[in-house]
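Shown next, in structure tokens, is the structure this report addresses.
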There are 2 protein chains.
Amino acid sequence: MLTNSAKYAMKAVLFLALNTNENNKMMVKDIYERINVPQSYLAKLLQELSKHNIVSSSRGPKGGFYLDDKNKSIRLIKIVDIIDGEQRLRSCMLSLKECDNENPCALHRLVGDANSSFIKNLEETTIESLIADVRDGKSILPL
Amino acid sequence: MLTNSAKYAMKAVLFLALNTNENNKMMVKDIYERINVPQSYLAKLLQELSKHNIVSSSRGPKGGFYLDDKNKSIRLIKIVDIIDGEQRLRSCMLSLKECDNENPCALHRLVGDANSSFIKNLEETTIESLIADVRDGKSILPL
DNA sequence: TCGCAAATATGACGAATATCATATTCTAAC
DNA sequence: GTTAGAATATGATATTCGTCATATTTGCGA
Ligand code: FES
Ligand code: FES
């Protein structure tokens with residue numbers, strides 16, 4: 001479903017959303033232990049996300065990664081599409097084409113609307129709204 | 001979610017369920033094109049499934065793979081657990097532990113009951129009942 | 001302006017998945 | 001029995017994913 005890289009990226013972005021802003025940046029070396037992602041790997045992922053403007057960054061002393069308000073309004077789907085590619089999440093269980101409700105493969109009804117509703121949720125949910133749940137204690141940021 | 005191998009295995013088993021029985025076996029070389037799976041790869045998968053008694057087989061002239069009635073009453077989950085291992089399907093979106101509804105991670109509600117209901121369906125559905133849909137034209141076996 | 005602290009770029013390596021190939025073993029049929 | 005046709009066992013290779021390491025670039029602060 002999601003690759004490990006995408007999960008790490010999510011954790012990182014969510015963590016940044018909770019702990020940073022324009023005036024409060026964080027460096028890779030201060031993040032990786034908190035979210036349990038290998039340091040260099042995290043660096044690479046954040047650089048990739050930065051290149052695509054999902055997260056913001058600045059170099060030099062006092063530099064680091066952070067999320068500004070614009071970043072926080074980004075939808076989750078962008079993260080996984082950038083890290084995993086757009087295909088991975090959307091391919092059918094049996095063939096390699098996209099799901100087709102008209103001509104469902106034998107497994108289609110087993111997965112039900114599960115997958116498509118998951119995708120839809122990713123498309124609709126912004127980083128911002130997701131972390132609200134964490135702040136409210138409705139969900140947690142594990143590890 | 002499912003590995004490519006698991007998808008291939010599913011296709012193969014479903015195909016065998018539709019086209020074989022004790023008196024009507026099929027060889028790898030007559031199957032692989034029909035389900036669009038590389039020949040040697042399919043062979044390996046079927047051998048693995050055979051070892052675990054998901055499919056039946058016999059060697060020598062007139063031999064091949066097939067599904068008997070007992071095989072057809074097997075539940076789909078066994079196929080994926082054997083090919084992918086039991087963990088893969090069941091790990092949480094963000095951490096590596098199993099999902100916990102008490103302490104849901106930030107993404108838990110996005111995937112909703114999607115994943116767990118998919119697993120449940122796999123646990124409940126037998127090969128037999130699944131191919132009934134194909135026979136009835138309710139679903140297809142793609143590629 | 002200089003030096004240092006950070007991200008960035010690049011690429012090497014390892015591990016798991018996907019694929020291919022071949023030698024061996026079993027067995028039905030003659 | 002012998003033979004030929006099939007699965008089986010084994011392992012080599014390719015590709016993708018995950019991880020690590022390092023040289024380079026950029027910009028803040030003294
Ligand atoms: S058509 Fe195959 S999962 Fe939807
Ligand atoms: S607790 Fe993370 S997906 Fe369920």
Side-chain angles (χ1 to χ4, degrees), chain A residues 1-12 16 20 22-33 35-67 71 80 82-85 87-89 91 96, chain B residues 1-12 16 20 22-33 35-67 71 80 82-85 87-89 91 96:
Chain A
M1 178 120 70
L2 296 185
T3 199
N4 232 324
S5 297
K7 296 183 185 180
Y8 286 170
M10 289 270 199
K11 286 210 266 188
L16 288 176
T20 68
E22 287 97 311
N23 311 312
N24 218 337
K25 301 159 190 170
M26 281 189 79
M27 297 181 294
V28 167
K29 68 172 178 178
D30 293 324
I31 303 174
Y32 81 96
E33 303 160 302
I35 62 176
N36 207 45
V37 174
Q39 178 165 16
S40 302
Y41 196 6
L42 175 61
K44 201 171 220 173
L45 289 170
L46 282 176
Q47 288 165 203
E48 185 73 10
L49 291 173
S50 169
K51 191 190 299 179
H52 289 271
N53 301 309
I54 306 297
V55 306
S56 305
S57 64
S58 70
R59 310 203 222 195
K62 266 296 190 183
F65 291 96
Y66 64 99
L67 261 61
N71 293 138
V80 357
I82 284 169
I83 301 295
D84 281 352
Q87 290 232 304
R88 186 180 206 93
L89 197 55
S91 59
L96 293 179
Chain B
M1 178 121 72
L2 295 185
T3 202
N4 232 326
S5 297
K7 295 185 185 181
Y8 287 171
M10 289 271 197
K11 285 211 267 189
L16 288 176
T20 69
E22 288 96 312
N23 312 311
N24 217 338
K25 301 159 191 169
M26 282 189 78
M27 296 180 295
V28 167
K29 67 172 179 180
D30 293 325
I31 303 174
Y32 80 97
E33 302 159 303
I35 61 176
N36 206 46
V37 174
Q39 178 166 15
S40 303
Y41 197 6
L42 175 60
K44 202 170 219 174
L45 288 170
L46 282 176
Q47 287 165 205
E48 185 72 11
L49 292 172
S50 171
K51 190 190 301 178
H52 289 271
N53 303 308
I54 305 297
V55 306
S56 304
S57 65
S58 70
R59 310 202 224 195
K62 267 295 191 183
F65 291 95
Y66 64 99
L67 262 60
N71 294 138
V80 358
I82 284 169
I83 301 295
D84 281 353
Q87 291 231 305
R88 186 181 207 93
L89 196 56
S91 58
L96 293 179

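Convention: sequence-line order gives letters A, B, ...; per-chain numbering from 1.
As a whole-Å value, the separation of A/K25 NZ from C/dA5 P is 17 Å. Here D/dG18 presents its P atom at 13 Å from NZ of A/K11, a figure rounded to the nearest Å. Remark: P of C/dA16 and CG of A/N4 are 12 Å apart, rounded to the nearest angstrom. Rounded to whole angstrom, the span from the CD1 atom of B/I83 across to the P atom of C/dT17 amounts to 12 Å. For the pair B/M26 CE and D/dA7 P, the interatomic distance rounds to 11 Å; values are reported in whole Å. Residue B/K29 contributes atom NZ, which lies 15 Å from atom P of D/dA4 at whole-angstrom precision. Between the P atom of C/dG11 and the OH atom of A/Y41 lies a distance of 19 Å, rounded to the nearest Å. Regarding A/I31, its CD1 atom lies at a distance of 8 Å from the P atom of C/dA7, rounded to whole Å.
Proximity of residues 44-56 of chain A to DNA chain D (heavy atom under 4.0 angstrom from any strand atom) is restricted to A/K44.
Legend: residues meeting side-chain contact (heavy atoms from CB on, under 4.5 Å) with B/D30, ordered by chain and number and at least two apart, are B/M26, B/M27. In this view, B/S40 satisfies the side chain to side chain donor-acceptor pair (under 3.5 Å) rule with no residue, not counting sequence neighbours. Residues passing the salt bridge (charged side-chain N to carboxylate O under 4.0 Å, His left out) test with A/E48 are A/K51, sequence neighbours excluded. Every residue meeting the ring-ring contact (aromatic ring centres under 6.0 Å, His included) condition with B/Y41, not counting sequence neighbours, appears here in chain and number order: B/Y8. Annotation: side chain to side chain donor-acceptor pair (under 3.5 Å) contacts of A/S57 (sequence neighbours excluded): A/S50. Residues satisfying the side chain to side chain donor-acceptor pair (under 3.5 Å) test with A/K44, not counting sequence neighbours, are none. Partners of B/N71 by side chain to side chain donor-acceptor pair (under 3.5 Å), not counting sequence neighbours, listed by chain and number: B/S56.
Checking D/dT19, C/dC20, D/dT8 against the side-chain heavy atoms of A/P38 singles out D/dT19 as nearest.
Look at B/S5 and you'll find a side-chain N or O under 4.0 angstrom from OP1 or OP2 of C/dA18.
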* **Footprint string (nucleotides 22-30 of chain C, 5' to 3'): B base within contact, S backbone only, - free, heavy atoms under 4.0 Å** => ---BBBBS-
* Quick one: do B/L46 and B/L16 satisfy side-chain contact (heavy atoms from CB on, under 4.5 Å)? Show the steps, please. => CA-CA 11 Å; B/L46 282 176; B/L16 288 176; 4.0 Å; yes
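Checking each of A/I54, A/N53, A/L45 against A/I82 for a side chain to side chain contact (heavy atoms under 4.5 Å, CB included) leaves exactly one that passes, namely A/I54.
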